[in-house]
Structures are given as C-alpha cells and as structure tokens.
Amino acid sequence: MTASLNTPVQEPVKAVSRVELAFTRLKKIPSAYIAFWVVCLICLLAILSALGVPLSPYSFDQATDDLLVAPSLNHIMGTDELGRDLFARVIYGSRLSIAIGFVTAGVAFILGTTYGAISGYCGGKVDTLLMRGVDIAYSLPDLLVMILVGVLVGKGTFGILFALGLVSWMGTARLVRAQLLQLKEEEFIEAARAAGQDGFSIVMKHLLPNAMGPIIVALTFTVPSAILSESTLSFIGLGLSAPECSWGTLASDGWRSLRSYPHLLGFPSLFIFLTVLSFNCLGDGLRDVLDPRTRLFKG
Amino acid sequence: MLQAITRPSSTLKHSKSSRIQPANLAEVNTRSVRNFSITSRFSEIVVSKLALAAAFGAVLLASLSGCGNTGASYEPDTFRINLQAEPPSLDWQTSTDSTSFDVVSNIMTGLTMYNNDMKCEPGCAESWEILDGGKHYLFHLRKNALWTDGKPVTAHDFEYAWKRLLDPATAASYAFFLYDIENAFEFNSGKVKDPNLIGVKALDDWTFSVKLKRPAAYFLYLTAFCSTCPLRKDIVDKFGDRWTEPQNIVTNGPFSVTLWKHEYKIELTSNPKFFEGEPRLKKIKMFMIPEQATAFGLFENNQLDYVDNRSFPTADVESLRNSPMYRNLPLLRCSYLGFNVKKKPFDDKRVRKAISMAVDRTLFPKILRRGEAPAFTWIPPALEGYSENSKSEFNPEAARKLLAEAGYPNGKGFPSTKILYPQREDAKLVVESVQEQIKKNLNVKLQLEVNEWKVYLDILHRDPPQMFRQTWGADYPDPETFMNVFTTHNGNNYTQWSNAHYDDLIDRAAAEQDQKKRAAMYAEGDQMLCQDEVPIVPLYWATQNTMVKPWVKGIGFNAMDLQFFRKVYIEKP
Amino acid sequence: MLALLIKRMLTAIPVLLVVATLTFFLMRLVPGGPFDADKNLPPAIVANLNAKYQLDKPVAQQYVTYLSRVVRGDLGISYKYLNRTVRDILGEAMPVSLQLGFTALVLAILIGVPLGTIAAVNRGSWIDVTAMFLSTAGISVPGFVIGAFLIFIFGVWLKVLPVALWETPWHMVLPSLTLAFSPAAYLARLTRASVLEVLEKDWVRTARSKGLSRWATVIKHTLRNALVPVVTVLGPLTAILITGSFVVEYLYAIPGMGRFFVTAVTNRDYDLIMGTTLVFAALLIVTNAIVDVAYQILDPRMKVEG
C-alpha cells in the first residue's frame with residue numbers, strides 16, 4: 001500500500017480507482033459511512049431549497065396570529081416572533097449554511113494550497129518569509145477584515161462567504177507546506193527532477209496529489225468550523241441581511257429565548273450540531289482511509 | 001458518598017503497584033497487541049479516579065453553595081444594579097451616553113434637578129428669575145451646597161464649567177446644548193476667541209447670570225442636564241485627564257464615587273455633605289454585565305436588586321408581566337422609518353404617504369413584546385403639542401389609491417428600494433414586518449440591507465438611502481427636542497426634507513412664551529410630518545421594563561429613563 | 001536554544017511592524033469613525049473632536065506619529081473611554097485574561113490529553129467510541145450555546161455555582177470550563193491520533209516485548225513522543241485562550257481583554273484596535289517560539305529553523 005501511494009499518480013484511470021478504493025474502505029467505518037450519507041442528505045436539502053423546491057409543507061410567510069407558537073402538529077418546530085414557521089426557515093437556512101461551509105472551504109483550499117505549495121516547495125528563505133506572512137495574517141483582527149470585505153465586496157451573502165474564506169486559509173497553508181516539505185525529500189521527487197521536470201509540474205503532478213489526503217481531511221474540518229464561525233459572527237452582530245437566514249443567524253436570534261421559547265434555539269442548533277458532527281466524523285474516517293501512515297486495514 | 005471516597009483509595013494503591021505485579025508481566029509477555037483484559041482494568045482505574053474527582057467536586061460544590069453566592073437575599077443599605085457597559089467617561093462634559101449619565105445623575109447636581117414628573121426643581125440654585133422676555137436667566141445659588149471636599153459650590157464653578165464645555169479644546173460633543181447662549185456657538189466653532197464674550201457670568205459667588213441670544217422656552221431643562229453640571233477648575237488643572245478617577249474626582253451630588261473597577265463595577269457611597277441630607281442608601285453597586293440573560297440570572301439569584309431593559313431578555317418579559325415586581329412605563333424614544341426625499345420614488349409625497357398608510361403600527365407591540373406603544377404621531381402623547389388631529393391612519397385602500405395616483409398602480413413599476421437598518425434585534429424584526437406589510441398591502445417588494453452599527457451611521461451621515469430605520473430619544477422633556485430634528489439644518493435630519501414654513505414654525509415655537517400658542521404651533525408641525533409631507537413614518541414608542549426586588553423602596557421612574565437613586569432605601573419586606 | 005529564542009525575537013520586529021502597518025490602514029479604510037454616534041453632532045463639534053485627537057491630519061502623518069509613539073512605549077489613548085490610555089486598559093484587562101486563559105488551558109490539557117490517551121489505548125472499544133463522540137460533539141456546538149446551558153443549569157437552576165461576575169475562585173469555574181470545552185475536545189482528538197500512531201512504531205513494540213505493560217509503555221515511551229503534535233497546537237491555543245474569548249467574557253461579565261477584540265473594532269477605537277492587535281501578535285510570536293523550544297526538549301532530533 002505504501003508503495004502504491006508513493007508512486008506518482010498520472011493516469012486518470014488510476015485516480016478513479018483510488019476514489020473507489022477509498023470509498024470501499026470508508027464503508028468499513030460505520031460512523032464515517034453514516035456521516036457520509038447524512039452529509040449527502042443535508043447537501044441535497046440545501047441544493048433543493050436553493051433551487052426553490054418547496055420542501056416544507058408550511059408557509060414561509062409571516063402570520064400575525066401565530067406568533068411564537070410552540071412546536072405542535074401545525075408547526076412541527078413552532079413559529080418565530082413574526083409568526084414564520086421555523087421548519088420552513090430551517091430548511092431555507094440550510095442552503096446558506098451549507099454554502100458558507102463549502103465556499104469558505106473552497107476559498108481556504110485555493111488560497112491555502114497555492115500559498116502553502118509555494119512555501120513548501122521553495123523552502124529556505126522564501127519559506128521563512130511566507131510563514132511570517134501567515135503569522136501576520138493570523139494576527140490581523142478578523143472582525144476588521146470582515147467588516148471591510150463586507151463594505152468593499154458588498155453586504156449580504158457573498159460578502160460573508162468571501163470574508164470567512166479570507167480569514168480561514170492560514171491553517172490549510174501551514175498544512176500543505178508541512179506536507180510538501182516532507183514529501184519533497186522522497187525519492188520519486190528526486191527522480192522526477194532528474195528526469196528534467198520543472199518545479200511547477202513537479203508540484204502539480206507529484207507533490208500535491210500525494211498531499212491530497214490530509215488536505216481533503218483538513219477541508220472536511222473547515223466546512224463545519226466555517227458553519228460555526230458564521231453562527232458566532234451573527235452572535236457578535238455581523239450577519240446576513242434579513243430576511244435571509246442561516247442556521248447560525250437562527251440560533252443566535254433564538255439564543256436569548258432559551259428559557260421561554262427553547263425551540264427557537266434548539267432546532268437550528270440541532271441542525272448545526274448534526275451537520276458539524278457528520279462532517280467531523282467523515283473527516284475522521286477520511287483521515288484513516290487516505291492517510292498512508294495509519295495502518296487501519298493491515299492484516 | 002463514603003463508598004465513593006474509600007473505594008478509589010484502594011485502586012490508587014493498586015495502580016502504583018501494578019507495574020511490578022508478576023501477573024501483569026506474564027500477560028504482557030503474550031505479546032498480544034490489544035490486551036483488553038489489562039487495558040480495561042486500567043481504564044477501570046481511570047474511571048474510578050474520575051469518579052473520585054467527581055465526588056470530590058460534588059463535595060466542594062455542596063460546600064460552596066452553602067457558603068457562597070445565594071445566601072442573603074439583600075445587602076443592607078446597598079442597592080445593586082446593572083449598568084451593562086463601562087461608562088465611557090465620568091467627565092460629565094465630554095460623555096454623551098446614557099450609561100455615563102446613569103452614574104453622573106447620582107453624583108452631580110446642576111442648577112436644577114428633575115423630579116420624576118420631569119419638572120425642574122431647585123438644585124444648586126435655590127431660585128431663579130427669568131428676565132428680558134425670556135432672554136436673561138438669573139440663578140441664585142444655595143449656600144449649603146458643598147463639594148465632597150467641603151468647599152461650597154459657587155457661581156464661579158458654573159461659569160468655569162460652561163466655558164470649558166464650550167471650549168473647542170475640550171471638544172465636548174454636547175457643547176451644542178448651550179448654543180442658545182450669546183456667542184456660545186461662535187466661541188465653540190472658533191469664530192470668537194475670547195471666552196469672556198460668552199453670555200455666562202458669575203456676578204458674585206452666589207449669583208449666576210445667563211444671557212441667551214433669543215428666548216428658548218426649554219432652556220431651564222438644560223440646567224438639569226448632566227452636561228451642564230458645575231466643575232472645579234482646581235481639580236481639573238491638578239489631575240488633568242485623570243480627574244475622573246475615584247481618588248481624584250470631586251462631586252456635589254447625593255453620592256460619590258468610591259470605587260471604579262473598569263469594565264466590571266462602580267461603587268457609589270452616600271455623601272453626608274449633600275444639601276438635602278445624606279441619602280438613606282449607603283452604597284450603590286453598579287455592575288457592567290453586558291448580556292441580558294446573565295444579568296437576569298443574577299437578579300433571580302438575588303445578586304441584583306433592580307433590572308431594566310438592559311438586563312431583560314425580550315422573550316422572558318411576557319412571562320414576568322404578572323409578577324408584582326414588574327413595571328412598564330413609556331419612554332420619550334421613538335423608532336421611525338425615514339425617507340430620503342431627494343431620491344426616487346420618495347421625492348413624491350404621495351408615495352411616502354402611501355407607505356405610511358400601509359403600515360399597521362399596532363403589530364409592532366405584538367412582535368417586539370416589550371410593551372411598546374404604536375406611534376401615530378412624532379410628538380409623544382406625554383408632551384405638549386400632542387394632538388389627535390396629527391395622527392396618521394392605517395388605510396391600505398387609500399394607500400393603494402395614492403400609489404396609483406403617483407404612477408405605480410398595484411405596485412407596478414415601483415423602483416427597487418432598500419431599507420437600511422442596523423444590526424439590532426428589534427430593528428431587524430421591525431423592518432422584516434414592514435417589508436411583509438408593504439408587500440401585502442401595496443404589492444411592492446422592498447429590499448432590506450443590514451449594516452454593522454458604525455457603517456450604518458456612516459452611510460446615514462454621508463448618503464442616506466431611500467429608506468432607513470432610525471430612533472430618536474429626547475434630550476429634554478420638551479417637544480422641541482423632537483421637532484427640531486427635521487428642520488433643514490439639523491444634522492440628524494437624514495431625510496433631506498426641507499420646508500421653510502416648518503423651519504420658521506419650529507423657530508418661532510422655541511421662543512414662544514405662551515404655552516398654549518406654543519403647543520398649537522408644535523401640533524401644526526406634527527401634522528405636517530405625519531399627514532401632509534410625511535418625510536417619516538413614526539413606528540412605535542419604546543418603553544422601559546423594570547423588575548424591582550420587594551425590599552427596594554422609594555424608587556421612582558421617569559419618561560426620560562434617567563436614574564435617580566437619592567430617595568431609594570432598602571427595607572426588609 | 002537561547003540563540004534560537006533570540007533569533008525568533010529578532011524576526012518578531014519586522015513581523016510586528018507589518019502587522020501594525022496593515023492594521024493601521026485597514027482600520028482607516030473601514031467606514032465610520034470613533035465619533036459617529038446615534039445622534040449626529042454639529043460640524044463645528046466634529047471639527048473640535050478631530051482636532052483634539054489629531055484625526056484632521058493626513059493619514060500618513062498619523063501613521064508616522066503613531067509608530068514613533070509606539071516605539072517609545074506609548075500605545076496611545078482610547079477614543080471611547082475618554083480618560084484612559086490604551087496601556088491602562090490593557091494593563092487592567094491582561095491579568096484577568098491571563099488567569100482565565102491559563103486555567104482554561106490547564107483544564108483543557110487535563111481533560112483532553114487523558115481522554116485522548118484512554119481512547120487510543122482502548123481503540124475500537126465503547127470507551128473509545130464514547131470519548132470520541134463526546135469530543136466530536138464538543139467541537140460541534142457554538143461556544144455561546146454551551147455557555148448559556150452551563151449558566152442555566154449550574155447557576156440558575158441548581159444554584160451551585162455563581163451565574164457570572166469575577167470575584168472568588170468559584171466564579172472562575174463556569175467560564176474556564178466554557179472556554180476549555182472546545183480546546184479539550186480538540187486536544188483529545190489530536191492526542192488519540194498521535195498516540196495511535198506512536199503505538200504502531202517498532203520501538204514501542206520492542207519496549208512492550210521487553211515486558212513493560214501496555215499502560216507503562218504508553219506513559220513511559222509513547223506519550224512523550226505523541227505529545228509533539230499536541231505541543232504544536234498549544235502555541236496558537238495559548239495565545240487564543242489568553243487573549244480571551246469574547247463570547248465567554250461577554251456571557252460571564254468578566255473584565256478581560258477578549259472583549260476589546262470586538263468592541264474596539266465596533267467602536268472604531270483606533271488606538272485600542274492597534275494595541276490589542278499588537279499584543280495578540282506579540283503573544284502569538286512568543287508562544288510559537290516557546291513551542292519550538294519545547295519541541296527540542298521533547299524530541300532532540302528535531303531541527304527547528306528560525
């Protein structure tokens with residue numbers, strides 16, 4: 001197994017089989033396998049609601065006669081201060097929460113991988129310099145960056161997405177760099193270099209594909225942490241324009257009603273919890289599956 | 001409990017000796033990678049250690065609850081409240097916020113004092129004369145008003161204070177309170193350099209003269225306001241910027257600051273030299289607990305004696321409404337929707353009026369749940385000038401007609417319109433409700449745009465959008481403070497609405513000495529705002545919700561939400 | 001080792017300078033100023049304020065003035081808390097945050113590391129599954145929700161612990177627990193992974209074949225090596241915990257400095273923003289340097305580059 005992973009991946013056929021292999025292995029870890037399907041289900045929910053498919057049997061509109069109704073058969077999750085059905089809101093909120101998770105992970109992936117790859121491949125002075133850059137990026141006040149991005153890029157959904165990505169790429173960069181520093185000492189890289197391949201293609205064809213396991217794992221952890229950050233962000237007071245909502249805004253809006261109307265906090269939190277839990281379990285599973293160092297399936 | 005404590009002691013011994021036990025060695029020698037028998041035994045040890053820790057913790061917790069926080073229900077002669085935030089400054093000349101004023105109101109006394117009906121009572125001034133048709137005020141100071149260091153409060157302290165308030169170098173935000181005084185504005189804006197040209201003068205130690213550039217019917221109220229309290233030149237000169245720290249500050253009110261733990265609490269102690277006599281309350285502890293739910297938890301655990309809106313989660317208000325400790329009273333603070341009348345489509349007053357008539361204000365109290373009162377006028381019912389005739393009405397039918405007349409039949413062709421609002425719980429609920437109502441009643445879809453507080457203010461100051469949600473709280477209990485907002489040159493008139501007749505009316509009303517005529521003038525102005533020109537849509541009046549423990553006596557409430565505790569005392573119920 | 005520390009401290013200077021510069025211009029780009037208030041002020045008064053705080057000068061000049069003051073150790077004044085300097089504010093808030101952050105850190109290590117180790121040793125058993133479920137759950141709940149529940153259960157309902165405030169050591173229990181919750185869960189997961197990895201190493205097997213019990217092996221040989229990645233995260237973790245968490249301080253009304261990371265920005269309290277950012281950056285650099293030294297102690301083979 002170690003050998004197969006150390007061989008540079010070039011033919012697409014082989015890559016597919018690797019995905020298949022990983023999936024077969026994933027099936028053997030029940031928690032990760034269940035988590036995988038829960039994630040799929042939630043994503044499906046988000047996509048359908050983004051496409052405007054009416055998933056909720058209840059009206060999304062404000063009903064002034066039904067303010068703050070407790071969960072019942074008419075409203076299985078109750079209603080909010082404006083009489084809107086919470087189930088409808090939670091379903092509607094899924095698309096934003098999931099989008100936030102994925103876009104943030106995507107931005108973190110692109111920025112972090114590029115940055116980390118340059119740093120790790122070049123090494124030496126460049127590496128030192130770039131890593132101090134990461135220190136700097138860590139130190140800048142997130143809130144300031146986010147407000148500014150909100151103002152420059154435009155408020156609302158896109159601004160939040162972009163801003164969250166912008167403050168969460170540093171972890172990925174560090175990880176990719178560490179992976180590359182380690183990998184580039186391997187023999188097959190020496191071989192590729194001797195064969196006359198330039199730096200760019202070595203990184204793209206040999207180094208990154210081999211570092212992909214840990215990167216993917218890290219990304220599955222970025223998704224839930226972005227969903228959590230967004231909820232904390234709404235709590236601090238930097239959120240989405242109404243009537244847009246995400247699970248984060250729903251939870252932080254309902255937070256102060258914990259005693260009198262627990263459903264307002266409970267249901268959105270439950271969805272956040274389930275999603276984040278599933279992503280984390282999936283991440284754990286993928287780490288075992290993709291990391292060549294864990295000999296899970298030995299013997 | 002006994003069992004829990006004795007059992008782990010044996011397991012502890014076990015764990016220490018386990019390494020040299022032959023049985024263990026034998027088992028290890030089998031080289032099985034996963035030796036469950038051993039590991040499970042070890043985990044059993046660990047688990048029982050945890051049990052020990054838990055038992056230990058429980059004992060500690062039990063002892064804590066006995067000796068700790070929930071013992072006495074009240075502290076004798078001590079009043080504990082929540083300020084919610086650190087007062088930005090106790091310098092009553094530079095502070096501008098209600099938190100600072102909550103402290104200053106209890107440690108300082110100006111020329112006059114408010115009573116709870118919001119009328120001016122004698123403060124440092126025993127009496128006053130209004131001369132020259134309302135343009136000249138002569139205050140006669142009492143001789144028994146003392147500073148905490150024993151020196152008498154003199155007219156010179158007022159003269160110094162007011163001149164410092166207006167000094168550009170002080171850069172006091174509320175200097176404009178005194179702009180009605182001769183040369184005050186000119187001095188503050190640097191056009192006049194000589195402070196002696198300002199119309200304030202200590203004629204002798206006990207007589208303070210103030211000359212206005214025009215009569216101002218509300219002027220007396222300003223002398224009760226924190227910003228105009230006297231100040232000691234020698235103290236400010238001696239300590240510089242640090243004169244407000246407890247060890248330096250010298251005050252003249254019923255209480256004095258004895259402890260200030262920044263971002264945590266302020267302690268006030270009764271002042272035996274206060275001219276009305278030392279208050280019965282010996283100590284006021286003012287905590288700074290930012291979260292409402294936390295503060296309310298402390299109130300329930302008898303660690304706070306009094307809570308208000310700052311310490312109340314909205315959701316819990318309803319369930320507490322029947323409690324004998326609960327009180328609710330209207331405030332002089334209005335939430336409104338403003339239109340930028342320079343921007344389409346609100347340059348047409350028919351459109352503005354249509355929106356106003358399509359909003360059902362009676363919904364807001366139900367949604368906001370803090371006992372708010374729907375606002376149909378700009379002048380609150382408690383003030384002079386309020387009139388039923390000025391009320392705007394809810395009439396979707398007429399609203400649709402007006403909208404059609406303006407060229408948008410059934411909302412067709414209505415330009416894309418945004419409502420700007422700040423990131424606040426109540427603002428969000430209100431604009432969401434307005435959005436839904438306008439959609440339902442006029443078939444117009446408004447967009448909402450949230451902004452972080454300072455960004456929101458920045459947009460309002462520079463380029464107000466078509467619609468925005470703002471609030472206005474009274475500076476003094478007079479309609480002037482409300483009506484002046486929408487005059488042409490007022491910095492808070494974000495609507496860009498400008499009407500020469502209205503400006504003239506408000507200017508004349510300010511100087512009018514006949515209360516009846518004055519009220520009629522304000523009523524006319526209010527009608528322009530709410531029925532004819534409609535630059536704004538008043539939405540609701542805020543209220544103060546309070547809970548007071550039964551042992552707190554003598555507490556009063558007022559519509560300006562100013563907190564005076566000099567008459568409060570603690571008595572066993 | 002000392003040379004390494006000194007080298008790291010020297011590289012800290014340009015890093016801090018860049019952080020200061022970026023933050024300075026970033027914050028001036030953000031709309032809204034310190035004196036924008038609910039009630040708009042007359043222009044004459046705004047002019048007076050700007051003159052007093054020298055905000056009427058060109059930004060470049062303000063930047064130079066600021067830097068020259070910082071070099072002399074003057075962090076500036078607060079624009080919101082009018083009679084206080086940034087040094088006063090941070091000087092009062094820092095000890096509180098240190099105390100809270102350090103307690104939370106110790107708590108997180110005391111919970112996280114043993115939990116992760118037990119889980120790893122009992123891999124696949126119900127203990128492992130439970131421990132990992134708990135720790136995954138721990139990083140799946142927003143801090144403000146955990147805090148609210150703890151206050152409600154222990155403070156309001158059971159009345160065994162103080163709801164909030166910062167007086168006796170008992171007042172530290174709930175806040176530090178709330179703050180430690182997610183780091184503990186994170187440490188548990190990390191410890192488990194690295195203990196598992198080390199357990200598979202040949203020399204660990206050798207040690208066991210020599211007759212050491214599994215737990216003795218874990219404690220004597222494994223844990224020391226497995227703690228290397230754990231120590232890595234302790235650096236940033238310490239910085240984050242000590243600068244405090246806004247949410248925890250907010251919930252429990254603790255006068256720490258975590259709140260200033262949020263309130264300084266929302267108030268546009270320029271010098272305070274700079275002060276908190278620089279303190280945080282310095283702390284991050286120092287803890288990272290300490291971690292690198294700790295690395296060498298734990299694993300002398302490791303070569304750390306400056």
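First the proteins, then the strands, lettered A, B, ... as listed; each starts at 1.
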Of the non-hydrogen atoms in [X] and [Y], which two are nearest, and what is the gap between them?
X	Y	value
C/Pro255	B/His262	CB-O, 3.9 Å
C/Leu251	B/Thr294	O-OG1, 2.6 Å
C/Asp36	B/Lys454	O-NZ, 3.0 Å
B/Glu452	C/Thr266	OE2-CA, 3.5 Å
B/Phe185	C/Ala44	CE1-CB, 4.3 Å
B/Glu291	C/Tyr250	OE1-OH, 2.8 Å

Checklist entry - What do you reckon, is CZ of B/Arg333 surrounded by more than 12 foreign heavy atoms closer than 6.0 Å? => result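 Buried by this count: over 12 neighbours within 6.0 Å.
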Checklist entry - How many angstroms lie between NZ in C/Lys159 and CD in B/Glu300, if you round to the nearest 0.5 Å? => result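 C/Lys159 atom NZ to B/Glu300 atom CD measures 6.5 Å (nearest 0.5 Å).
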Item to check | Donor-acceptor contact below 3.5 Å, side chain C/Asn48 vs main chain B/Ser189 | outcome: no
Checklist entry - Are C/Asp88 and B/Arg242 within salt-bridge range, i.e. N to O under 4.0 Å? => result yes
Next on the checklist: With chain B as the partner, which of C/Gly256, C/Ala253, C/Ala93, C/Ala51 has the greatest number of non-hydrogen pairs under 4.5 Å?
Outcome noted: C/Ala253
Item to check | Pairs of heavy atoms under 4.5 Å with chain B: top-ranked of C/Ile254, C/Leu49, C/Ile151 | outcome: C/Leu49
Count the heavy-atom pairs under 4.5 Å between each of [options] and chain C, then report the option with the highest count.
options	answer
B/Asp458, B/Asn188, B/Ile289	B/Asp458
B/Ser89, B/Gly190, B/Ala175, B/Pro290	B/Pro290
B/His489, B/Met288, B/Glu263	B/Glu263
B/Tyr494, B/Trp243, B/Tyr456	B/Tyr494

Item to check | Residues B/Tyr264 and C/Glu167: side-chain donor-acceptor under 3.5 angstrom | outcome: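 A pair is found: one side chain offers a donor N or O, the other an acceptor, under 3.5 Å apart.
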Under 4.5 Å from a heavy atom of chain B, the part of [X] involved:
X	answer
C/Phe35	backbone
C/Phe260	side chain
C/Ala164	both
C/Leu41	side chain
C/Lys80	both
C/Leu165	both
C/Pro34	backbone

Checklist entry - Does the salt bridge (Lys or Arg N to Asp or Glu O under 4.0 Å) test come out yes or no for B/Glu86 and C/Arg259, once each step is laid out? => result CA-CA 12 Å; B/Glu86 161 95 357; C/Arg259 64 176 69 195; over 6 Å; no
Checklist entry - Given a strict heavy-atom distance threshold of 4.5 Å, which part of B/Asp475 is in contact with chain C: side chain, backbone, both, or neither? => result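 B/Asp475 touches chain C through backbone and side-chain heavy atoms alike.
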